[in-house]
Protein chains: 2
Amino acid sequence: MDKPYSPFAADDRRPAAILIDAVERLGGSMRFSRDEEIYAQEEDADRLYRVVSGVVRTSRFSADGRRQIGSFYYAGDLFGFEVGSRHVFAAEALTDCEVRVARRGAIALAAGTDKIDEAILGATQMEMERLQAHVVLLCRRSAKERVGAFLAAHARNDPSAETELPMSRQDMADYLGLSMETVSRMLTRLQDEAIVDFGSTRRFQVRRWPALAAMAA
Amino acid sequence: MDKPYSPFAADDRRPAAILIDAVERLGGSMRFSRDEEIYAQEEDADRLYRVVSGVVRTSRFSADGRRQIGSFYYAGDLFGFEVGSRHVFAAEALTDCEVRVARRGAIALAAGTDKIDEAILGATQMEMERLQAHVVLLCRRSAKERVGAFLAAHARNDPSAETELPMSRQDMADYLGLSMETVSRMLTRLQDEAIVDFGSTRRFQVRRWPALAAMAA
DNA sequence: CGGTTAATTGAACGCATTCAACACGAGTGG
DNA sequence: CCACTCGTGTTGAATGCGTTCAATTAACCG
């Protein structure tokens, strides 16, 4: 099993091992093209998903049309268990992607109900940790810090390499609770301060990791 | 068992029934006076708690000293299971209160590991729903809407009765991601618009429920 | 009562938004 | 190969919302 990479996951991913395994063995493979819906807001949440390749985005529209991005999921990540019996967020393919899907019932049969509950609990708690960190980020941090933290999360696996951002500025904005323009401004500012260096609009290189990492804390 | 009241809980609290029961039967009773710590940030999370009387607040200090309030828990609410093995938030008595406490291990022995995992999973998912709603609130809503939603959540059980707010303006501010002054200003504004009516600083009556409820959506 | 903390109000500031114009890149067709 | 277009991203200027700092008032508790 290849080591999963996710900028948003907590470091310890052990509890999910059994789920990853089960989805891998019992799941069917599906392909989605860019912007295609994987599941809808309010849809029954009786499946577990794992990204094989590409990137998935979860989002939610409020009554007034404002969009909130829940998270981004990368190759190796599990998703679709964020909440109770119905999905609060919809999931869409951010890029063309391949996803493995397994019914919860099938996993429970194969692994035992207690095992799956324990594993889902572990995975859910990791997700919750991320959410709590996100609340703090949104509540207590400036636009520059939010954007910096976002870049740091994406670069953290290999800060010396060039990092690709698969999502649009609008996606970043809707995740960070900012306007697209502010995201753009903060990016140029981080660039002006020689903290990062954007080769193209969606590729960047970290110049001063300590300064960037400090924003993620 | 009296019906639990919590302004922040999701409507369906069924999954937690077994936990409530277990904590009730196996737990010991503890009393805390105002502002006393129930458990600390980073402390081991091997216990489950249930509020018998009074109000509990969970909070977290970041490195730079800024405080974030996680949630408030009222009589009947379970808390202490927000996340993995260590508490991310600390818990304090907001008012003098009585709390029942049980070790997870004891509950598992009595109810079976699978049962407790299932129940904790259900409770965790409810907590996550609240967190997701909170993220949307913080990301996408104005100060007035946030304060309105907060009041609506507290008044929703009995919108025609007078509602008491047990927490300070600063607590509200740290929960809503606003400054204390802004909270105060928005409250007077809601009062000026005849949406609510404050008899004293911590007691209010809803005047126009539809207008207030609209902010909670 | 006086002393203390909590809450409100005012004024000035600053950060992020909004609206608008412009730049850039990829793809298309002449 | 260049002109054109469309989507995406950047930049500028003006506005406004929420913060900050400071002063005042209200509630609480001895």
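Distance CG (L165(A)) to C1' (dG9(D)): 13 Å, rounded to an integer number of Å. One can place CE of M167(B) at 15 Å from C1' of dA7(C), the figure rounded to the nearest angstrom. For the pair L94(A) CG and dT8(D) C1', the computed distance is 14 Å after rounding to whole Å. Between F204(B) atom CZ and dA7(C) atom P there is a gap of 15 Å when expressed in whole angstrom units. In this structure, the CG atom of L187(A) is 15 Å from the C1' atom of dA16(C), given to the nearest Å. Regarding D174(A), its CG atom lies at a distance of 13 Å from the P atom of dT8(D), rounded to whole Å. Taking atom CG on D35(A) and atom P on dT8(D), their separation rounds to 9 Å, with Å as the unit. Rounded to whole Å, atom P of dT8(C) lies 12 Å from atom CG of D192(B).
In this structure, T188(B) reaches the dT9(C) phosphate: one of its side-chain N or O atoms is under 4.0 Å from OP1 or OP2. The side chain of R202(A) contributes no N or O atom lying less than 4.0 Å from OP1 or OP2 of dT8(D).
The pair R86(B)-E43(B) fails the salt-bridge criterion, with no side-chain N (NZ, NE, NH1 or NH2) lying under 4.0 Å from an Asp/Glu carboxylate O. Salt bridge E145(A)/R66(B): present, at least one basic N to carboxylate O contact under 4.0 Å. Here R140(B) pairs with D174(A) in a salt bridge; the nearest charged N to carboxylate O distance falls below 4.0 Å.
The salt bridge (Lys or Arg N to Asp or Glu O under 4.0 Å) search around D96(B) returns none, not counting sequence neighbours. In this view, F32(B) satisfies the ring pair (Phe, Tyr, Trp, His ring centres under 6.0 Å) rule with no residue, not counting sequence neighbours. Under the salt bridge (Lys or Arg N to Asp or Glu O under 4.0 Å) criterion, R208(A) pairs with no residue, sequence neighbours left out. Scanning for salt bridge (Lys or Arg N to Asp or Glu O under 4.0 Å) contacts around R34(B) gives an empty result, with sequence neighbours left out.
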**Q.** Footprint string (nucleotides 12-20 of chain D, 5' to 3'): B base within contact, S backbone only, - free, heavy atoms under 4.0 Å
**A.** BB----SBB
Q. Nucleotide by nucleotide, 5' to 3', does protein get under 4.0 Å of the base (B), only the sugar-phosphate (S), or neither (-) in nucleotides 23-30 of chain D, counting heavy atoms?
A. ----S---
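Judged purely by atom type and a 3.5 angstrom limit, R67(A) has no side-chain atom pairing as donor or acceptor with the backbone of R60(A).
Of the listed residues (F79(A), Y73(A), Y175(A)), just one forms a ring-ring contact (aromatic ring centres under 6.0 Å, His included) with F8(A), and that residue is Y175(A).
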